Amino acid sequence: MSSPSPSAAETPAERYPFHDSALPLDKRVDDLLSRLSPAERLSMLHQYAPAVPRLGIGAFRTGAEALHGVSWLGVATAFPQAVGLGASWDEELVREVAEATSTELRAFHHHRPAAIAPDRGPNSLQAWAPVLNLLRDPRWGRNEEGYSEDPVHTARLGEAFCRGLAGDDPTYLRAAPVLKHFLAYNNEDDRCTTSSGLRPRVLHEYDLAAFKPAIASGAATGVMAAYNLVNGRPCHVSPLLETELRRWAAPTGRQLFVVSDAEAPSNLVDPEHYFDDHAESHAAALKAGIDSFTDHGEDSETVIGRLREALERGLIDQADIDLAVRRQFELRFRMGEFDPELDPYAHIGTEVVDSAPHRALARRAAAASTVLLKNTGLLPLTDPTKKIAVIGPHGDALFEDWYSGTLPYAVTVADGLRARLAPAGGELTVHEGIDRILLRAASTGEPLNGTAFDLGDWGLGVLTLRAADNGRFLSVKEDGSLVADQAVVKSWDVHETFRLVDATGAAAGGTGSATEDGTDRGAVLLQSVLTGRYAAADADGTLRVTAEDAAGAERFTRELLRDGRAEAVAAAAAADLAVVVLGNHPLIHGRETEDRRGLALPPAQEDLLKEVAAVRPDTALIVMSSYPYAVDWADEHLPAVLWTSHGGQETGHALADVLFGDADPAGRLPQTWYRGDDELPHPLDYDIIQAGWTYQYHRAAPRYPFGHGLSYGAFQYGELEVDSATVGQDGSIRGALTVSNTGSRPGTEVVQLYVRPLEARYQAPRRKLADFRKITLAPGQSRRLVFDLPAAAHLAHWDVATGAFTVDPGRYQLLAAASAEDVRATVQVTVEGPAPAPRTVLGRRTAAADFDAHRGIALVDATRETGNAVTPAGSDAGSEAGSEAELLFSTVELTGAREVSAEVALEGALEGAAAGAELEFTVDGQVLATLTVPPTGGRYAWTTVTATLSDPPRGVHDLRVTLRGPLRLAAFTVA
């Protein structure tokens, strides 16, 4: 048994009502709050809340990272990345992983001192996980942190993870799950200043849909706001925190504790310039619903000082502070802080960390998330006496990502296969396929650091240099010195990446061309990717990365000591089978703060693969990566292709299990894998409907579709049946089908049920996931699956005309499928009910953002506090008077229309351009009205302009509104 929680300060002699566990929770919180002074309450708003010894209240901190295992606190069980867990499509498995993670988090909380600020309270039990941001764009640098591109899939796995973290006790939490990052956060480049434009349909059908189930069910206890802006307003002051999140949570009877992301409150002033000073910005965040400020690290006083100033200026009042503190203490009570003798999780000891059951779970999770993308009979392997060549930079290495814990051990692919082959007498050879070189300084003739380096080529000219004498990576220190001392590449600022640049300043790549004696032609310069500076010799000859340009840089000659590719190809030629393991390094090209530039494999990796396959046709490719790649060549030329995320400590055992058929490749893709020549939308175009994002709206055929994955079993789908061919708009559909394993091996299948309307009056998705089931069947076994689909949950769309979810009458199709593009059975149902009426605009305010379609717009904030407006894209800065945009409002009833009024704003008077700011209303090419928009004095200075309609039409028409110039339109009213 452990001692009571170290978060408790010395217990006061007097016991107060808040110590009484028999009292209702709200009464305990009331009593505790009443005993805190106003200054003490204010101090609780920082991430590091201080102890109050006189009341026996310990210090408290928000936040521990627990995305796929406990992170940043030391050695802990490492599970597959979140995107890998997403590939499992297995809610029970995800729940088990979260349970193991929170159990280890408990051990760190009770028994291990905090690595950061040990005097500021124990390691937190508030888990900043899971990430429910949707993987709209596979180039997102943090792709590894999310589950999938689909909201139903993401919501279900996210809720399962929350339940695993929280535990099953009705009173106490094992850990408190916090959903990240609210909202519409899917780009890293300039993430603190970019705005995600969310039209109402995308907001409600897509982004909010991923977050709602975990909150509405009570599974989540908190949310973290995102760095970005949505429709021009920073997420940390979004009204959606209250109007959506807390509205969903209200029926659960629990408060939702909302935390800021690191330094985001300060970002509201700089770099976002949304507020003039920090007291104003912090006040706005608090009033919007932020309860805890993660800002300025351990420096609480800066943040509390800003909030104190806001209080003194009347920007906030004591009630705003008390509400946030109340939410914090409700959570702290639920985590057992004040009832250590009753907390069912207080007994958890350190023996759970990297325990045997957790190791077994890590192995099972890694196998369950492995996706077999292609197989023409090469797999599963059946003869462990064969000779296998494991080739590639990932063949004998595992990599940690930024949110990984420290691996207790690492079972690589080579390790896993070696363990499988050795008992049977099989043979394994391992070759990374990378070159070993000397970089000899021209000034001294000495090799860099006195050793050779193995050259990791990660594409785009970015290299790592691993010292041959100690196996550690070359790193640039603060003084510019070069030391090979890093066992892994894992730091916020990566100091271990370089470029070799020829003396003219061009990238020289890996080895270049070599002379007969192995020396590369031409001198090269060594440039740090992090600083942009070059290695140069000091007066004493010491090399430091200090030169600002090539002119002052040291020249090096390269001597090729080992041709890695040639050795790998020779090994493949001598083997019976080649397993090539390629992919990304999670800290290079696509990570937090950096998006990817494309989908291609690093050219050096692709060239290695092609040369190996040329001499050994029996080649299986394993892509080990945090995100999808365009693997067109591999799919067209290789007999087997697999994908796994960075799968944690048991990766090698799990992949060996899959390759030899001891485990079925049970994973299915959580994202679309696009083709290399498929032009993707702009990364900042968040309108998945019009841009064509994800399997729902993308028209070009993918390389591998969402939900794709092969099994060693073979599955036959029976007829998809429904209990009734008709359903009411508020009714439910029961569908059923039988799935059989007709193969000779056991297999796992993910049966996916999609829906689509056949007569949509709106731009509907091609298909949309409604439900899924993961089943394992023995050869010859069948299972009857039943799906219950409430129409309101699965057939509805967000109706912009009414501002609510609506189920239109008409014909719908249900599709049972093995992937979004592999449909096995369909059935049609008809929804009965009244037809939707035309859009009513007469006498009512129509929000400009409630359009049906658009061209050339940007969505912006109507005020700092609430509301959306529309402006021509690129013109919000007030500099492009000639810009134009168009809004379409479909099926509008215009009978009786005589006049139109528009709520507009126009910042400043543009030189010679004010007269060009105008609105034009048209129907069927006929101009009904043109409204000139005068300068109003500011982006939030709204005025109303009115015009009489010219020859107004009768009946129902499509109404078009054209915006010219940098005006903002919030709404219009037809009278």
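Please read all numbers here as calculations on a predicted model, not as lab measurements. As a basis for the values below, the full set of heavy atoms in this structure was taken, side chains included, without hydrogen atoms, waters or symmetry mates.
In this structure, R201 forms no cation-pi arrangement with Y762, as its terminal cationic atom is not both closer than 6.0 Å to the ring centre and no more than 45° off the ring axis. In this structure, R960 is not positioned above the aromatic face of F921 in the sense of NZ or CZ being under 6.0 Å from the six-membered ring centre and within 45° of the axis.
R139 has its side chain within reach of L680: a pair of non-hydrogen atoms, C-beta onward, lies under 4.5 Å apart. With contacts defined as side-chain heavy-atom distances shorter than 4.5 Å, the pair N868/R233 qualifies. Looking at heavy atoms from C-beta onward, I215 lies in side-chain contact with L256 at the 4.5 angstrom threshold. No side-chain heavy atom of E263 sits less than 4.5 Å from a side-chain heavy atom of D261. Under the 4.5 Å side-chain criterion, counting only non-hydrogen atoms from C-beta, L919 is not in contact with T930. By the 4.5 Å heavy-atom criterion applied to side chains, V892 and D958 are not counted as neighbours. Side chains of F851 and V800 form no contact here, defined as non-hydrogen atoms less than 4.5 Å apart. When side chains are defined from C-beta on, P628 counts as touching N143, because their heavy atoms get closer than 4.5 Å.
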**OP:** Dump the intermediate steps for ring pair (Phe, Tyr, Trp, His ring centres under 6.0 Å) on F293 and H282, then the final yes or no.
**Re:** CA-CA 9 Å; F293 290 73; H282 283 41; 5.3 Å; yes

**OP:** For salt bridge (charged side-chain N to carboxylate O under 4.0 Å, His left out), just list the numbers for R247 and E244, CA-CA rounded to whole Å, side-chain angles, deciding distance to a tenth of an Å, and then say yes or no.
**Re:** CA-CA 5 Å; R247 179 173 60 84; E244 298 293 341; 2.7 Å; yes

Subject >> Step-by-step side-chain contact (heavy atoms from CB on, under 4.5 Å) determination, L229 to E272 >> reply: CA-CA 9 Å; L229 298 83; E272 291 168 355; 4.1 Å; yes

**OP:** Start with the C-alpha gap between V202 and D207, add the side-chain angles, then the distance that decides, and say whether side-chain contact (heavy atoms from CB on, under 4.5 Å) holds.
**Re:** CA-CA 7 Å; V202 175; D207 288 280; 3.6 Å; yes

Subject >> Stepwise salt bridge (charged side-chain N to carboxylate O under 4.0 Å, His left out) check, E759 with R811 >> reply: CA-CA 6 Å; E759 301 163 332; R811 295 182 302 127; 2.8 Å; yes

Original post:
Stepwise, does the side-chain contact (heavy atoms from CB on, under 4.5 Å) test hold for W128 with T294?
Top reply: CA-CA 12 Å; W128 285 352; T294 306; 3.8 Å; yes

**OP:** For the pair R306 and E309, evaluate salt bridge (charged side-chain N to carboxylate O under 4.0 Å, His left out) and give the outcome as yes or no after the intermediate values.
**Re:** CA-CA 5 Å; R306 292 169 175 175; E309 179 185 344; over 6 Å; no

**OP:** Show your working on ring pair (Phe, Tyr, Trp, His ring centres under 6.0 Å) between H236 and Y227 and close with a plain yes or no.
**Re:** CA-CA 8 Å; H236 279 71; Y227 281 119; 7.1 Å; no

**OP:** Evaluate side-chain contact (heavy atoms from CB on, under 4.5 Å) for Y812 paired with R756, printing each intermediate quantity in order.
**Re:** CA-CA 6 Å; Y812 292 79; R756 68 183 182 113; over 6 Å; no

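Taken from OG in S626 to CZ in R142, the straight-line distance is 12.5 Å, to the nearest 0.5 Å. Here CG of N186 is found 8.0 Å from CG of D595. Values are rounded to the nearest 0.5 Å. Between L240 atom CG and L208 atom CG the span is 6.0 Å, to the nearest 0.5 Å. One finds the OG atom of S883 at 12.5 Å from the CD1 atom of I857 (value rounded to the nearest 0.5 Å). If you take CZ on R839 and CZ on R844, they are separated by 8.0 Å, rounding to the nearest 0.5 Å. To the nearest 0.5 Å, atoms CG (D861) and CG (N231) are separated by 8.5 Å.
Judged by distance alone, the side chain of E205 and the main-chain N or O of W798 form a donor-acceptor pair under 3.5 Å. D852 contributes a side-chain N or O that, together with a main-chain N or O of S890, makes up a donor-acceptor pair within less than 3.5 Å. Between the side chain of Q763 and the main chain of I689, a donor-acceptor pair closer than 3.5 Å is present. Remark: side-chain polar atoms of H957 are not paired, donor with acceptor, to backbone N or O of L959 under 3.5 angstrom. Judged purely by atom type and a 3.5 angstrom limit, W140 has no side-chain atom pairing as donor or acceptor with the backbone of R596. Between the E592 side chain and the E188 main chain, no donor and acceptor come within less than 3.5 Å of each other. Not a single donor-acceptor pair under 3.5 Å links the side chain of Q926 to the backbone N or O of T922. Side chain of D291 to main chain of V258: a donor-acceptor pair is present (N/O by atom type, distance under 3.5 Å, no hydrogens or angles).
The two residues A764 and P757 come nearest to each other via the heavy atoms CB-CG, 3.5 Å. The two residues E145 and A82 come nearest to each other via the heavy atoms O-CB, 3.2 Å. Minimum interatomic distance between L949 and A929 (heavy atoms only, all atoms of both residues): CD2-CB, 3.8 Å. Closest approach of L859 and R199 over heavy atoms only: CD1-N, 3.4 Å. Across all their heavy atoms, P670 and H153 have their closest contact at CB-CE1, 4.3 Å. Shown here for P953 and L928, the closest heavy-atom pair between the two residues is CD-CD2, 3.6 Å.
Side-chain contact check for Y629 and N584: no donor-acceptor pair (N or O, by modelled atom type) lies under 3.5 Å. In summary, the side chains of T943 and T936 do not present any donor paired with an acceptor at a separation below 3.5 Å, with no hydrogens or angles considered. Checked by atom type, the side-chain pair R191/Y185 shows a donor-acceptor distance below 3.5 Å. Q671 and D150 share no donor-acceptor pair across their side chains, judged by distance under 3.5 Å alone. Judged purely by distance below 3.5 Å, without hydrogens or angles, the side chains of D295 and S266 pair a donor atom with an acceptor atom. Side-chain contact of N187 with Y686: a donor-acceptor pair under 3.5 Å is present, judged by distance alone. Of the N and O atoms on the side chains of T895 and E893, at least one donor lies less than 3.5 Å from an acceptor on the other residue.
Ring geometry for F972 against F889 counts as perpendicular: the plane angle is over 60°, on a 0 to 90° scale with 30° as the lower cut.
Using a 4.0 Å cut-off between charged nitrogen and carboxylate oxygen, R675 and D677 do not count as a salt-bridge pair. One finds a salt bridge joining R964 and E918 here, because a Lys/Arg side-chain nitrogen approaches an Asp/Glu carboxylate oxygen to under 4.0 Å. Ionic pairing of D687 and R136 is not present here: no N-O contact between side-chain nitrogen and carboxylate oxygen is shorter than 4.0 angstrom. For R845 and E903, the salt-bridge test passes: some basic side-chain N is under 4.0 Å from an acidic carboxylate O.
Screening residues 945-956 for side-chain hydrogen bond (donor to acceptor under 3.5 Å, both in side chains) gives S901-T946 as the qualifying pairs, with residues at least two apart or on separate chains.
Considering W673, Y704, F706 in turn, F706 is the only one that fulfils the ring-ring contact (aromatic ring centres under 6.0 Å, His included) rule with Y695. For the side-chain hydrogen bond (donor to acceptor under 3.5 Å, both in side chains) test with T672, the passing option among E821, E149, H698 is E149; the others fail.
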